[in-house]
Amino acid sequence: MMHCTMEDLLALRAGEGTTWARRHLEGCAACRAEVEALYQRVAQLKALPARRPARDRWPAVRAALLAERRRRRGRWGLWSLAAAAAVAGLIVFRPIWTNRLDAAELARVKRQCATLERDLGRYDPDARVTSGSAAALAAALEDRIALIDGELTRLGPQTPARPAALVKLWQQRVDLMRQLMSVRVSRATYVGL
Amino acid sequence: MTISLTVPDILVARAKSGDLDALEALYRAFETPVYHLALRLLRSPEDAEDVLQETFLEVVKSIPRYRGEGHLWGWIRQIAASKALMRIRRNQVRATEPLDEAAAGGHGSASVVPARIDLERAFEQLTETSRAVVWLHDVEGYTHEEIAELMGRTVSFSKSQLARAHIRLRQMLDAEGAGR
């Protein structure tokens, strides 16, 4: 008589046995005993007493964890140091860089003003025909330029510790002069047509 | 082996935040089941202790990434089983131990079956691979698919290892060898 193999018995235990194995098991006391022995072995394995480690390994795990944390902090520490140095550099050197940049910008806007003065001189308003509204607009722009010139005179020729304020005034002057140029040139061109 | 493997959520949360006391509490809660699992798979107490240490080094490092899905013991056990199986592979490479019971020559060889012995000793006489399959499947409840994945082998390898291991156990436990 053919009996169930161990594979058959394990499959039956897992509820996956073949139809033949299931039918055979119903009529075979030897195979039923095998299945029972299988269950008992597994139950005994599960019931084996738990063993405890002879040595406490936590101190080693803890030491490794703390060493890892120190390494990580060290890495962060270096990064923090580098970041702090960068911030300190900005605090110390930024005013110097900023002042240098502002001085260069001041020189540039002064040159722009000088160029615009020359160009405006070529458009003598008295020699050209212009409308009343254009003349009024030009007069208003000239008044605002005069106000800025007054402010520049008040501040004096010496560049202050922070030349940014001077740069701003000169930039406003350039802007007004461009508008004045636009008024004079466009009207002159129009009249010239 | 009946040990409570349930730990309070608050303890897990503290451990995830790196609290050393909470991490130690987790170690104390799971050191015995981890060691027991490793010892059953590896047989050597020294190897089992090393696996215990490696497992918890991994646990304390990875617990911030533990998402709380499933039982914590399931997560720790997976790490422990993986570490133990890695050690088995290393041992096999060193000792060139055969991977299965058939290759070990134990299967069906009545002459090498010792006189009646208890199950624990019989289990210890299985090869490391067979012990691992039997323990993971029959005691820890892993499926053959999970074992195959852990061992980097096929499902049929796991199934045949289990069958051969049980045949060997039966032979060793049956003094008269008259099981069938």
Side-chain angles (χ1 to χ4, degrees), chain A residues 1-18 21 24-25 27-73 75-76, chain B residues 1-3 18 20 23-28 31-40 45-46 48-61 107 118-120 122-123 131 134-135 137-141 143-144 156 159-160 162-170 173-174 178-180:
Chain A
M1 183 183 180
M2 199 172 114
H3 289 285
C4 289
T5 62
M6 187 58 78
E7 282 85 353
D8 289 330
L9 297 175
L10 289 167
L12 285 166
R13 184 183 61 153
E16 298 169 351
T18 61
H24 172 80
L25 195 68
C28 179
C31 285
R32 282 203 301 279
E34 275 299 327
V35 172
E36 182 55 33
L38 183 61
Y39 275 112
Q40 281 182 14
R41 273 200 301 277
V42 172
Q44 284 170 23
L45 281 176
K46 285 181 179 173
L48 286 177
R51 302 273 178 80
R52 291 182 174 280
R55 285 168 294 181
D56 185 2
R57 292 292 185 117
W58 173 248
V61 174
R62 187 177 186 275
L65 175 64
L66 292 176
E68 172 63 24
R69 284 183 182 175
R70 274 196 298 274
R71 268 198 301 277
R72 215 177 300 158
R73 265 204 301 273
R75 278 202 295 274
W76 277 109
Chain B
M1 183 184 68
T2 309
I3 294 172
L20 269 177
L23 288 168
E24 183 175 358
L26 285 189
Y27 175 87
R28 299 294 170 210
E31 77 175 310
T32 298
V34 167
Y35 176 76
H36 186 66
L37 168 67
L39 184 66
R40 292 304 172 197
E46 289 76 25
E49 278 189 22
D50 286 348
V51 165
L52 170 66
Q53 186 171 323
E54 287 168 15
T55 299
F56 274 93
L57 280 172
E58 182 73 40
V59 167
V60 297
K61 201 169 73 178
H107 177 52
D118 67 23
L119 179 64
E120 190 169 9
F123 179 74
R131 274 202 315 276
V134 170
W135 195 264
H137 186 273
D138 289 348
V139 179
E140 301 292 343
T143 64
H144 286 297
S156 58
K159 284 182 175 176
S160 66
L162 187 67
R164 286 168 179 167
H166 273 290
I167 290 168
R168 181 98 173 104
L169 285 174
R170 184 184 63 194
L173 293 167
D174 188 352
R180 308 302 307 258

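Order of the sequence lines sets the chain letters (A, B, ...), proteins ahead of strands, with each chain counted from 1.
- Note on R62(A), R55(A), Q44(A), R69(A): by heavy-atom pairs under 4.5 Å with chain B, the leading option is R55(A).
- With rounding to the nearest 0.5 angstrom, the CZ atom of R170(B) is 4.5 Å from the CD atom of E34(A).
- If you measure heavy-atom distances from L37(B) to chain A, you find no contacts under 4.5 Å at all.
- Of the atoms belonging to V134(B), it is side-chain heavy atoms, and not backbone ones, that fall under 4.5 Å from chain A.
- Using a 4.5 Å cut-off between heavy atoms, L57(B) contacts chain A through both its backbone and its side chain.
- Heavy-atom minimum distance, A54(A) versus E49(B): N-OE2, 3.1 Å.
- The minimum heavy-atom distance between H36(B) and R51(A), with the atom names listed, is ND1-N, 3.4 Å.
- The most heavy-atom pairs under 4.5 Å with chain B, out of L38(A), D56(A), L66(A), come from D56(A).
- The candidate with the highest count of non-hydrogen atom pairs below 4.5 Å against chain A, out of E54(B), E31(B), E120(B), is E120(B).
- Within the model, atoms CZ of R40(B) and CG of L48(A) stand 4.5 Å from one another, a figure rounded to the nearest 0.5 Å.
- Taking the charged nitrogens against the carboxylate oxygens, K61(B) and E68(A) have no contact shorter than 4.0 Å, which rules out a salt bridge.
- Residue E46(B) touches chain A through both its backbone and its side chain, counting heavy-atom pairs closer than 4.5 Å.
- Within the 4.5 Å cutoff, the side chain of R13(A) has heavy atoms near those of the D138(B) side chain.
- Using a 4.5 Å cut-off on side-chain heavy atoms (C-beta onward), W58(A) and R28(B) make contact.
- Here the shortest heavy-atom pairing between W135(B) and L45(A) reads CH2-O, 3.6 Å.
- At a 4.5 Å heavy-atom cutoff, the contact between L52(B) and chain A is made by side-chain atoms alone.
- Q40(A) places none of its side-chain heavy atoms less than 4.5 Å from the side chain of L119(B).
- With a threshold of 4.5 angstrom between heavy atoms, Y27(B) approaches chain A through side-chain atoms but not through N, CA, C or O.
- Proximity to chain B is absent for every atom of A33(A), based on heavy atoms less than 4.5 angstrom apart.
- Distance alone, capped at 3.5 Å, places no donor-acceptor pair between the E7(A) side chain and the K159(B) backbone.
- Of the listed residues (A163(B), A38(B), S160(B)), the one with the most heavy-atom contacts under 4.5 Å to chain A is A163(B).
- At a threshold of 4.5 Å between non-hydrogen side-chain atoms, the residues R57(A) and D50(B) count as touching.
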